[in-house]
Protein chains: 2
Amino acid sequence: MSAAASPSPAGRETILAAAAELFAAKGFAGVSVREVAERAGVSKANVFHHFSSKDTLYLAVLRSAVTRFEALLDDYAGERDGFEVRLRGISRDHLQNILANEGVSRLIIREVLESDVHRGQELTERVLGDGFNRLVEVIREGRSRGELRGGVDPVLVASLMVAANVHFFQSRSVMRALSGVAYADDPESYSTQVMDILLNGIASR
Amino acid sequence: MSAAASPSPAGRETILAAAAELFAAKGFAGVSVREVAERAGVSKANVFHHFSSKDTLYLAVLRSAVTRFEALLDDYAGERDGFEVRLRGISRDHLQNILANEGVSRLIIREVLESDVHRGQELTERVLGDGFNRLVEVIREGRSRGELRGGVDPVLVASLMVAANVHFFQSRSVMRALSGVAYADDPESYSTQVMDILLNGIASR
DNA sequence: GTCTATAGATTGATAGAC
DNA sequence: GTCTATCAATCTATAGAC
């Protein structure tokens, strides 16, 4: 099974992988479609066959990170774990995902930070919305089983989980320099402590 | 009275204000020192008299946001309020501060996100460290009075407070497009709900 | 030194053959 | 699905006027 002759199936994925590396390293403006095509070993026109525009390709790269997150949620979809164990696992793996894909994570954060109203809507609809809503759903499910204190908004809880992990990622360089930040190089420990507080903060009774 | 003849006192502040506007609008690379001098109505040499380099001036602009935060902490330094009321007030005003100074807030976030180890240390020492440590101190004080659950790290709590507010600011454009985000345009309500969870999560017993 | 004009290269995107 | 050929628009860099 040499990879020499696989015409179509890998095509799109190859382009996506090449684009991810390049965009992560040089940003949207710093990369040309020709460059992506060359690295992927296809023609420029082929890139436009799979992705209707450079921006669509870019959003697809960002979306790939969310797809990884959704895959992670699937891993915890089973009935076997309790609410707390599930949320802890999701948060831990989410942070692990962010750290394992630094380049794309940074792209998403930059894009969100810099986006105006219109771009924000685009990012929500085409990149972030589904993943976030699925996380909210997990929490809503917990609420319907009486695991949550009354008055706690599942959307806000999901937002806090994301905020904590994004913050860990984006301020690591500063945290490391702060004295007394024990968890700066230990995402596992960080995630555990954050969820200790969060779960204790939202638990019923 | 008239502002016509105030040679030195306002000088530094005028330059700082001019630089803040320009950096916020065009970023570090997009602004020349000559430009700053012109807007401030002083000579370029005067700028270098007050700030030893363009980067020092830039860091001073970032630091001005932290100075505002420290002033805010002073407002809550009195003995009159309880621990919870104090933390709630600090968080609310902190978010208000971030939103009222969008440009500089964005600069800081960008700078932190993009910084490597060395720049992270610089940002910590010359911009962010003092403010953050003072927030940690407030929480430590609460702990020493038995307001915190055992095992809760004050540094992590401070980090979570910052994370929540930064996240609100930087993902507003996305939150607005998400269905069911009630607090997207209501920082007061957001802050209240976040602190509901956080305080409940860290409270003793 | 500063501005304007312009030549040349490169960009994102499309058309049409295979 | 993939290619070659080609489009108009934009960017880069330089030449020359002031």
Side-chain angles (χ1 to χ4, degrees), chain A residues 1-68 101 103-128, chain B residues 15 18-19 21-51 53-55 57-58 106 110 114 173-174 177:
Chain A
M1 316 317 171
S2 160
S6 62
S8 62
R12 192 193 145 95
E13 289 307 312
T14 308
I15 294 169
L16 211 48
E21 289 179 42
L22 290 170
F23 282 136
K26 307 199 275 184
F28 180 81
V31 176
S32 70
V33 176
R34 180 186 56 79
E35 222 174 335
V36 174
E38 276 174 10
R39 175 175 288 231
V42 301
S43 75
K44 197 171 62 163
N46 195 328
V47 174
F48 281 106
H49 171 71
H50 286 290
F51 304 94
S52 60
S53 71
K54 185 185 174 184
D55 189 59
T56 300
L57 170 59
Y58 183 68
L59 292 183
V61 167
L62 303 192
R63 173 77 205 211
S64 69
V66 177
T67 302
R68 277 189 291 273
N101 301 279
V104 179
S105 299
R106 205 177 303 269
L107 283 182
I108 294 179
I109 294 174
R110 265 205 294 254
E111 199 65 28
V112 169
L113 178 64
E114 239 64 59
S115 68
D116 58 9
V117 185
H118 175 262
R119 185 62 164 179
Q121 187 166 354
E122 208 162 29
L123 288 172
T124 302
E125 290 169 358
R126 298 170 64 180
V127 179
L128 302 165
Chain B
I15 294 169
E21 290 179 42
L22 289 170
F23 283 136
K26 307 198 274 184
F28 180 80
V31 176
S32 68
V33 175
R34 180 185 58 78
E35 222 173 335
V36 174
E38 276 174 10
R39 175 175 289 231
V42 302
S43 73
K44 196 170 70 163
N46 195 322
V47 174
F48 281 109
H49 170 70
H50 285 289
F51 304 93
S53 70
K54 184 185 172 185
D55 190 59
L57 170 59
Y58 182 69
R106 205 176 303 268
R110 264 206 294 255
E114 241 64 58
S173 60
V174 167

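By convention in this document, chain letters (A, B, ...) are assigned in the order of the sequence lines, proteins followed by strands, and residues within each chain are numbered from 1. A quick note: this is a predicted structure, and the numbers were derived from the prediction, not measured.
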>> Can you classify the ring geometry of Y58(A) versus F28(A) as parallel (below 30°), tilted (30 to 60°) or perpendicular (above 60°)?
In response: perpendicular
>> Check whether T56(A) reaches the backbone of S52(A) with its side chain - one donor and one acceptor, N or O, closer than 3.5 Å.
In response: no
>> I need the CD-P distance between E35(A) and dT10(C), as an integer number of Å.
In response: 12 Å
>> In whole Å, I'd like the distance from the CZ atom of F48(A) to the C1' atom of dC7(D).
In response: 13 Å
> Looking across every strand, which nucleic acid part, if any, lies under 4.0 Å from S43(A) by heavy atom: base, sugar-phosphate, or nothing?
Replying inline: base
> Under 3.5 Å, side chain of E35(A) to main-chain N/O of S32(A), donor-acceptor pair present?
Replying inline: yes
> Checking all strands, does V36(A) fall into the base, sugar-phosphate, or nothing category for heavy-atom contacts under 4.0 angstrom?
Replying inline: nothing
>> Measure NE2/H49(A) against P/dT4(D) and give the value in whole Å, please.
In response: 16 Å
> Would you say the side chain of Q121(A) lies within less than 4.5 Å of the side chain of T124(A), judging by non-hydrogen atoms?
Replying inline: no
> F28(A) CZ to dT11(C) C1': how many Å, rounded?
Replying inline: 11 Å
> Considering heavy-atom distances to DNA chain D, does K44(A) or G41(A) have its closest nucleotide positioned more toward the 5' end?
Replying inline: G41(A)
> Which nucleotide in the set dG1(D), dT11(C), dC3(D) lies at the smallest distance from any side-chain heavy atom of N46(A)?
Replying inline: dC3(D)
> Can you check whether R34(A) has a side-chain N or O nearer than 4.0 Å to OP1 or OP2 of dT11(C)?
Replying inline: yes
> Rounded to the Å, how far apart are K26(A) NZ and dT11(C) P?
Replying inline: 10 Å
> The side chain of A45(A) lies closest to which of these nucleotides: dT2(D), dA13(C), dA15(C)?
Replying inline: dA15(C)
> Between E38(A) (CD) and dT4(D) (C1'), how many Å, whole number?
Replying inline: 15 Å
> For F51(A) and dT2(D), what is the distance between atoms CZ and P respectively, to the nearest whole Å?
Replying inline: 11 Å
>> I need the CZ-P distance between R12(A) and dT2(D), as an integer number of Å.
In response: 12 Å
>> Is it the case that the side chain of K54(B) and the backbone of V31(B) share a donor-acceptor pair, with hydrogens and angles ignored and the cut-off at 3.5 Å?
In response: yes
